[in-house]
Protein chains: 2
Amino acid sequence: MNKPAETARERILTAANKLFYAEGIRAVSLDTIAEKAGITKKTVYYHFKSKDDLIEAYLASRDQPNLKQFRKWFGEAEGELPDKVQAIFRQIAVSARHPKWKGCGFLRTAAELANMPGHPAMKVGAGHKKKFETWMREEFEAAGIGSAPDLARHIVLLLDGAFSTILVHRDPAYAEAAGEAARALVASARARQAT
Amino acid sequence: MNKPAETARERILTAANKLFYAEGIRAVSLDTIAEKAGITKKTVYYHFKSKDDLIEAYLASRDQPNLKQFRKWFGEAEGELPDKVQAIFRQIAVSARHPKWKGCGFLRTAAELANMPGHPAMKVGAGHKKKFETWMREEFEAAGIGSAPDLARHIVLLLDGAFSTILVHRDPAYAEAAGEAARALVASARARQAT
DNA sequence: TGAAGTATATTCACTGGTGAGTATACTTGG
DNA sequence: CCAAGTATACTCACCAGTGAATATACTTCA
């Protein structure tokens with residue numbers, strides 16, 4: 001039971017995921033995706049109305065899995081709040097050591113589509129990042145931190161900074177550094193909670 | 001004296017700069033660049049041996065101007081060290097409000113070339129970012145901050161995080177937030193200097 | 001119940017256009 | 001003259017998207 005009766009649509013999305021993430025949006029043609037999915041290009045166009053539509057579906061398919069992964073890393077980490085936040089960055093460093101790691105698919109797609117600000121995929125990307133920020137904010141609020149919105153945003157900045165700099169330098173140490181900074185900011189915000 | 005006798009090579013680089021930055025690396029063809037430069041594609045190939053070569057030259061041409069801009073923003077800012085660091089982020093927020101702003105050319109190119117880690121342009125990009133980090137470290141060392149290397153890296157992370165998140169959300173407020181976080185980290189590191 | 005119709009899903013073969021890169025010939029200043 | 005620089009005109013591969021046809025399955029009503 002290798003592939004449990006995947007539908008054509010699923011196979012297309014699976015192939016798009018791998019190829020778009022590995023090579024980039026504009027570097028991958030629908031011919032290549034169709035071939036990898038084992039179907040015809042016309043079938044791709046039956047299930048998705050255009051390449052842009054498929055790009056959007058690709059990002060949408062990563063939204064929940066990615067968030068779930070972050071929640072898991074956070075939830076399963078030992079220690080206090082600062083440690084749990086830091087754990088996210090530690091796990092990113094671990095992921096980034098795998099040779100197939102190519103940064104954050106949302107950020108890379110945003111970079112490629114920077115000339116099309118209204119692109120539907122950009123909205124999906126922005127929504128995804130906003131969900132992460134909201135989740136962080138809620139965690140901080142639950143911990144009684146007064147500056148939760150600001151702190152959440154700072155964590156987001158460090159996270160996306162880590163994704164970007166690791167990609168540029170091919171050095172996961174940047175994730176560790178971001179984790180240290182995040183930890184310090186959370187600890188500092190919590191200390192100020194002696195209200 | 002509109003164009004003071006620019007050479008063909010300069011015109012090509014000028015056109016490449018505008019187009020690559022505005023549209024992205026893979027979205028722009030050499031035909032388009034040649035047309036914008038007012039010459040033939042063959043002339044482009046006379047001065048640059050391939051598109052990859054031109055991409056590299058494009059990034060290289062941005063290296064010093066960008067660094068100089070950062071130094072200027074830092075140097076001309078009022079106040080103490082934390083304020084001067086924050087000023088860089090404030091100015092990025094200002095830049096990001098211009099409609100033609102499309103993020104950091106180095107980061108966006110790195111995102112597009114993520115599948116070609118050895119690409120010469122990637123080395124130029126990494127070198128540029130490293131120079132920024134080194135410069136920050138030197139400023140912090142000159143100010144007598146003990147954890148200068150770590151702090152410099154944290155600033156870099158916030159900077160590249162700001163570039164990325166502004167691009168995703170089309171919201172310069174992220175640069176202001178990054179500036180606040182940077183300011184706090186610098187101030188905190190300086191306070192610890194009561195050794 | 002079963003033939004006719006209809007919706008879903010897929011293929012093959014194609015088009016108009018663009019991409020990077022090149023062979024060859026022209027031009028012009030030293 | 002001749003070499004650096006530029007142009008015309010080309011190749012060949014690829015790409016997003018389409019036209020026409022087909023197979024399969026699900027309806028519906030005589």
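What you see is a predicted model, and the numbers here were worked out from it, not measured in a lab. So that the names make sense, note that chain A is the first sequence line, chain B the second, and so on, each numbered from 1.
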Check whether B:K51 reaches the backbone of B:I25 with its side chain - one donor and one acceptor, N or O, closer than 3.5 Å. yes
Over all strands shown, is A:S29 touching base, sugar-phosphate only, or nothing at heavy-atom distances under 4.0 angstrom? sugar-phosphate
A:E35 atom CD is separated from D:dA16 atom C1', nearest whole Å, by 17 Å
Verify, without hydrogens or angle tests, whether A:R153 (side chain) and A:E133 (backbone) share a donor-acceptor contact under 3.5 angstrom. no
Taking atom types as they are modelled, is there a donor-acceptor pair under 3.5 Å from the base of D:dG17 to the side chain of A:K42? no
Per nearest nucleotide of DNA chain C, the residue lying toward the 5' end, A:T40 or B:S50, is A:T40
B:R26 charged N/C atom sitting above B:F20 aromatic ring, 6.0 Å / 45°: no
Identify the 5'-most and 3'-most nucleotides of DNA chain C with at least one atom closer than 4.0 Å to a non-hydrogen atom of chain B. C:dG19 to C:dT24
Main-chain N/O of B:K100 paired to B:H98 side chain as donor or acceptor, under 3.5 Å: no
Would you kindly give the OH-to-P distance between A:Y46 and D:dA21, to the nearest whole Å? 19 Å
Check this for me, if you would: do A:E141 and A:R137 make a salt bridge, where the nitrogen-to-carboxylate-oxygen distance has to be below 4.0 angstrom? yes
Taking the nucleotide of DNA chain D with the nearest heavy atom to each, does A:Y45 or B:R9 sit closer to the 5' end? B:R9
Taking atom C1' of D:dG5 as reference, at what distance in whole Å does atom NZ of B:K41 sit? 18 Å
Which is true for A:V44 with a 4.0 Å heavy-atom rule: it touches a base, it touches only sugar-phosphate, or it touches nothing? nothing
Could you check whether A:T43 gets within reach of a base, just the sugar-phosphate, or nothing at all, counting any heavy atom under 4.0 Å? base
So, are B:R190 and B:E80 salt-bridged, with charged N and O less than 4.0 Å apart? yes
Please give, in whole Å, the distance from D:dA16 P to A:K49 NZ? 15 Å
